[in-house]
Amino acid sequence: MIAKLIITSLFCVSSVFTYAQTRSCLMESFRAEKITIRAGFNLGGVTPTSIPQEIRSIENYSPILPFSLGVEMPFFQINEDWDLLTGINVKSSGMKAGAYAENFRGMINLENTPYQNVYGYFTGSVKTKIHNWYIEVPVTARYGLNEKFNLLGGLAYSQSVARSMEGGVQDAYIRLGNPTTQKLDVPNASFKVANIVRKFDIAAQLGAEYNINEILDVRGMVNYGFVNVLHAPTENQPVSMHNVFFNLTLGYDLPLSR
Amino acid sequence: MTTLTLNYSRILVMLISVLTTLSITSCIKDALPNIEADIVSVENSSENFFLEPKVTNREVKLFLNKEIADITAFPFQFTLSRGATSTPASGTPQDFSRPVEYLVSSENGEFSKTYTVTATDEKASFAPSFFDFENYKIDDQYKYTTFFDLQNTQPIDTWDSGNAGFVLSISPLVKKEPKLYPTQFTEQAHAGKYAVKLETKSTGVFGAGVKKPIAAGNIFLGSFDSGNVMGDPLKSTMFGLPFDKKPASIEGYYHYTPGAKVIDENSKPSTEKEAGSIIAVFFDADALFQRTGTYFLDGVNLLTDKSIIATAELYDENKTEGDAYKHFQIPFTYLSEFDEQDLNSGRFKIAIVLSSSKNGDRFVGAVGSVLLVDDLKINTQ
């Protein structure tokens, strides 16, 4: 019995030691020798992951204010090759796009009629303008391939600080019920639905970085948001929409004095 | 005057939000097998026709030029929705002395629609001068009434109404029936079996919300643009049919019951008097076209346009006592001269517009006002 007690206490003591050692290692790994100022382009759009078959063509696309600005800090060195980064970015995610849809089935509200939330089919051109400002906090793992090249991957949480979404339809008609009913011309429909844009997003990011010299780098990252950008009921919005952006930035290192 | 309660000027199509997409055209997939089963347009060369063919959701009307087209073996050619098929096929000669039915099936095979294709090779498609309101049909889907007339036993389009627009005032959950609509048939006839019944209806909370609380019962010579029901209701009416005689008076029989409470466009009680109206207008459609680009008067300019040559108007505020119809005859008042030599050319049109609420065009009237009309006749000189 005594022997057992001793072994147990030894084990405990050794565990405490081990923990203390690990902890001191951990503390040393946390380091912040520099911060990086990062500015560049943020190009992309809000799109279904897979474009539905009812979309027959994309008629036009243009980005809106496609810029991002932020600061970044490596905060944890895992080993020689790996380290972790975090920071804070302001991103303008905006686009204008036009698409032609054919027999798109969804819920339709005809204003000022009892036809609210009835199923129908929509055919026509749709123009959408969506522009959201996000404050983003990423956590990124970086792997050094060699002196010059790094690979990056991580997750980011974004909080929207300004949202807007509007658009209209052209040359459009709807059919209520089934596709053999009378075509109803849609003379002038417009929508302004900023309030259905979700206030946050969580995204996966993947990319690569090239060190131009000691203090300058250029980085490209693909951002895919997991969260459906719109929080309308699924009947109204059968396809989920995601922030898909390519972020191309120039980073400028500032050493931190200790 | 007509009043159609089509206040649905804008729609918010939430699903549209879905259509926001990146410009990655390579992501565009092959189209789904099409679900539409429409005859989209007529393909025969235009010299086969003396008037543009009329294609609606389940009907095609052809106006064949006798000198070029043979009505007994006309190879009607048409375009279908992408991928759709039809029996008979496009371009196969058919005998159009009687209406021919075409079955159109969608590409995915799930939906089909029967089109009735009618043809006439009588160039003189002038409006008749007598209307007995004995012939009507009920819409397959929405169950509203449409009156037509017969000319040499062939049906011809004469009357239309705002019924197709009123569809959007009836809840989609309600079982459709003819008496829900402002324009109906009735067996309470002056002569024959049927007459037209016009009843001012409420458009419900949705209509009231856009200051169009009522829909007057209405019927008119001409056509209603049912594809445009979400546009301006007064502009959806196309009044007038070609007429080849000089009208002298209009006579016929009616029975009127004004509704109890007149309301205005704000749904508030109004001091305006309710009355039924019977209006006939003879006008120069060519002159109208040159100025406005359309051959038809509409709910806005029916009594005011400069192309009007003569009018005959009747307004009655009083309840017709008893069940019997009341006879009327009103002479046309000529406002301007016209060249009678041109009567055969089709440039002159006649519009007859009947309404259970005379101010229905301003959405003022009494729900429940009923105007019955039968055996209308245009007396000519």
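This one's a predicted model, so the numbers in the text were calculated from it and none came from an experiment. Below, read A as the first sequence line, B as the second, and so on, with proteins coming before strands; counting in each chain starts at 1.
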Part of [X] lying under 4.5 Å from any heavy atom of chain B:
{"X": "Thr181(A)", "answer": "both"}
{"X": "Glu102(A)", "answer": "side chain"}
{"X": "Tyr100(A)", "answer": "neither"}

When only pairs under 4.5 Å are counted, which of Asp185(A), Leu176(A), Thr123(A) shares the most heavy-atom pairs with chain B?
Asp185(A)
In terms of heavy-atom pairs under 4.5 Å, which option from Val229(A), Leu184(A), Asn103(A) contacts chain B the most?
Asn103(A)
When rounded to the nearest 0.5 angstrom, what is the spacing between CZ in Arg56(A) and CG in Leu32(B)?
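Between atom CZ of Arg56(A) and atom CG of Leu32(B) there are 7.5 Å.
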Less than 4.5 Å to any heavy atom of chain A: does that hold for the side chain of [X], its backbone, both, or neither?
{"X": "Asn34(B)", "answer": "side chain"}
{"X": "Leu173(B)", "answer": "neither"}
{"X": "Ser112(B)", "answer": "backbone"}

Check the surroundings of atom CD in Glu166(A): do more than 12 heavy atoms from other residues, nucleotides or ligands lie under 6.0 Å from it?
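Buried by this count: over 12 neighbours within 6.0 Å.
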Counting only heavy atoms from other residues, nucleotides and ligands, does the tally under 6.0 Å from NZ of Lys183(A) exceed 12?
yes
Should Gln141(B) and Gln182(A) be marked as a side-chain contact (heavy atoms from CB on, under 4.5 Å) after you check the CA-CA gap, both sets of side-chain angles, and the distance that decides it?
CA-CA 10 Å; Gln141(B) 189 186 4; Gln182(A) 165 86 45; 5.9 Å; no
Arg105(A)/Ile35(B) under side-chain contact (heavy atoms from CB on, under 4.5 Å): CA gap, chis, key distance, verdict
CA-CA 11 Å; Arg105(A) 186 167 188 267; Ile35(B) 52 176; over 6 Å; no
